[in-house]
Amino acid sequence: MLHLVNKSPYDSTGLESASKYAGKSSGILLFEDGVYAAMSGTAYEDRIKEIMGDHDVYALKEDLDARGIADRVVDGVKQITYPDFVDLVEQNKVASWS
Amino acid sequence: MLHLVNKSPYDSTGLESASKYAGKSSGILLFEDGVYAAMSGTAYEDRIKEIMGDHDVYALKEDLDARGIADRVVDGVKQITYPDFVDLVEQNKVASWS
Amino acid sequence: MKFGILILEGPYQHESSDSAYHFAKAALEKGHEVLRVFFYQDGVLNSTKLMEPQADDRHIQRQWSELQEQYDLDYVVCVAAAKRRGINDDVIGPGFKIGGLGMLTEVAIEADRVVQFGA
Amino acid sequence: MKFGILILEGPYQHESSDSAYHFAKAALEKGHEVLRVFFYQDGVLNSTKLMEPQADDRHIQRQWSELQEQYDLDYVVCVAAAKRRGINDDVIGPGFKIGGLGMLTEVAIEADRVVQFGA
Amino acid sequence: MIVFRKAPYGSIYAFEGLENVLIMGAYDQDVSILFIDDGVYSIKDGMDTEAIGIKNFSPTFRAIEAYDIEKLYIDKESLESRGLSVDDLVIEPKVIDASEVEALMEEQKNFFMF
Amino acid sequence: MIVFRKAPYGSIYAFEGLENVLIMGAYDQDVSILFIDDGVYSIKDGMDTEAIGIKNFSPTFRAIEAYDIEKLYIDKESLESRGLSVDDLVIEPKVIDASEVEALMEEQKNFFMF
């Protein structure tokens with residue numbers, strides 16, 4: 001499964017909820033304001049690394065670029081584009097969290 | 001000052017942010033989904049009691065009734081109606097958080 | 001006291017417009033003045049007379065229009081926000097008018113309090 | 001693969017409609033089918049041809065209409081959600097049609113995946 | 001699967017989730033319904049929405065039974081952390097824990113999150 | 001006072017907050033501007049919004065200077081917890097701590113929260 005998260009982790013509990021119910025083989029895709037969770041040097045960095053222990057974490061490059069943070073992504077988070085997003089949805093069932 | 005909070009504390013960080021920046025003499029008014037923060041027997045009860053140590057906390061009765069929780073409000077939270085809400089805004093400067 | 005009211009969310013999707021309406025009504029019934037209600041961002045969508053909610057539901061535009069008529073209130077719908085969302089002079093209900101964002105600044109100057117609904 | 005797309009938020013206020021559009025476009029460019037785009041809740045507001053965004057901004061309804069024309073897509077605007085928000089046959093842009101909520105159930109049955117934008 | 005995860009009245013999500021349950025029932029779909037996070041509040045008993053002027057939709061949840069929809073689940077931790085038990089609810093979903101939620105989700109084809 | 005507390009692009013709040021700053025400046029109002037919570041992201045440098053198709057409004061923040069708006073503040077903890085420093089911003093607000101934010105808010109008449 002693939003879990004889509006579109007809200008900032010500082011504003012909304014969507015990512016916490018997604019990671020709570022997501023199975024170990026599930027991926028988490030951060031997009032829109034959700035990409036802030038992938039940023040390094042932040043208060044959330046330890047938490048996203050913990051989540052990455054259980055899940056592949058993806059962040060949408062288009063949304064990272066828009067927010068000026070594509071060069072500050074935590075190591076191990078996979079930067080993907082919309083075509084990759086489509087591929088991931090082709091390969092996985094998908095649920096949306098906010 | 002009076003700080004208005006309209007989102008559930010389980011969904012949004014608005015109440016945490018309001019209580020962080022609110023001065024000690026400020027009140028916090030919970031309305032809409034914000035009233036869930038005033039409910040007793042919950043995981044948030046200790047936190048709202050802590051907030052009540054620094055602030056008067058109000059919860060809008062109309063919104064408590066709508067959600068069926070008016071009979072389960074933490075002791076010390078003041079249940080108020082819309083006319084009281086108007087009085088509080090008359091007496092205090094007001095800021096809205098979500 | 002002189003109140004201004006600011007609404008940032010649209011009808012039905014969020015409770016903000018309902019809350020603003022109940023607050024405005026309570027303030028007016030207490031004898032306060034409401035200098036202006038400013039509809040901004042998705043809040044502009046509260047003004048459309050094209051809305052047709054189900055028969056057992058409230059009609060948010062009409063509630064606002066009736067309150068406007070009863071107290072002769074000033075309702076301003078932000079022009080830029082309105083245009084972006086398909087709200088224009090042809091679709092707004094009675095009592096609403098379209099105006100610039102400066103009219104929010106004006107009420108911030110003139111009112112004792114501006115209460116914001118939707119954030 | 002056969003995709004369905006579900007949109008729950010309106011234009012401009014949130015990024016959801018933009019994200020859905022970019023996703024749909026990318027899927028179509030990869031040769032996938034998009035069986036239906038279903039506009040629900042505030043998502044119905046994406047369909048209005050009355051929107052007039054600023055000259056330097058995207059026109060969300062036209063983007064959707066152009067994509068519809070290019071790929072002959074099926075766009076359904078939920079009738080109950082639309083009526084509540086002032087969206088009707090007179091205001092929807094080219095390529096949109098108004099239909100019942102059952103048409104979301106249908107695409108849930110027929111599509112391999114339904115991707116939801118806005119939550 | 002239809003997932004309720006937002007509180008009622010502050011937004012329209014819970015109402016529209018219920019509309020979807022009824023439609024999927026009318027189409028004879030074998031739909032599963034899950035209440036998690038603030039979605040558990042949408043089936044709290046004793047709602048009285050008269051003063052806020054929004055229709056109380058919670059009684060309509062009882063109509064679910066008329067559609068032979070039986071796969072109703074609620075997350076134990078979401079329920080308990082919000083101070084609720086099944087006795088506080090207008091319907092009786094099966095209480096399951098987070099790992100069971102996870103397993104249940106793996107069985108589904110689609111997720112409509114309200 | 002205009003308060004920025006939401007992230008850009010996911011919602012229109014930050015954009016509309018900036019519109020308000022410019023209008024209040026045009027009306028010669030002595031407006032204070034405060035960045036807290038996710039609002040600090042709205043003045044991050046290096047934004048490139050071309051691929052999402054939404055106009056990058058961050059350069060417009062520099063126009064604030066043309067309106068003689070000088071009361072710009074940013075919350076230290078919001079900034080640092082989000083991995084940012086003033087060197088990452090398109091403008092240079094004064095960095096203040098939470099107790100100074102509290103004191104600053106007490107001096108204001110109105111609060112527009114975006």
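Lettering follows sequence order; numbering is per chain, from 1. Keep in mind that the numbers below use all heavy atoms, side chains included, and drop hydrogens, waters and symmetry copies.
Applying the 6.0 Å contact sphere to NZ of E:K76 captures no more than 12 heavy atoms from other residues, nucleotides or ligands. The local environment of CD in A:Q91 is crowded, with over 12 non-hydrogen atoms from other residues, nucleotides or ligands closer than 6.0 Å. Annotation: E:E77, atom CD; neighbour count of heavy atoms from other residues, nucleotides and ligands within 6.0 Å does not exceed 12.
With rounding to the nearest 0.5 angstrom, the CG atom of E:D37 is 6.0 Å from the NZ atom of A:K20. Of the inter-residue distances, the one linking E:L34 atom CG with A:Y21 atom OH reads 7.5 Å to the nearest 0.5 angstrom.
At a 4.5 Å heavy-atom cutoff, the contact between A:S26 and chain E is made by side-chain atoms alone.
Contact annotation for residues 36-54 of chain A against chain E (heavy-atom separation below 4.5 Å): no residues qualify. Of residues 1-19 of chain E, those residues lying under 4.5 Å from chain A by any heavy-atom pair are E:R5, E:K6. Using a 4.5 Å heavy-atom cut-off against chain A, the contacting residues of residues 100-114 of chain E are E:V101, E:E102, E:M105, E:E106, E:E107, E:Q108, E:K109, E:F111, E:M113. For a heavy-atom cut-off of 4.5 Å, chain E lies close to no residue in residues 56-85 of chain A.
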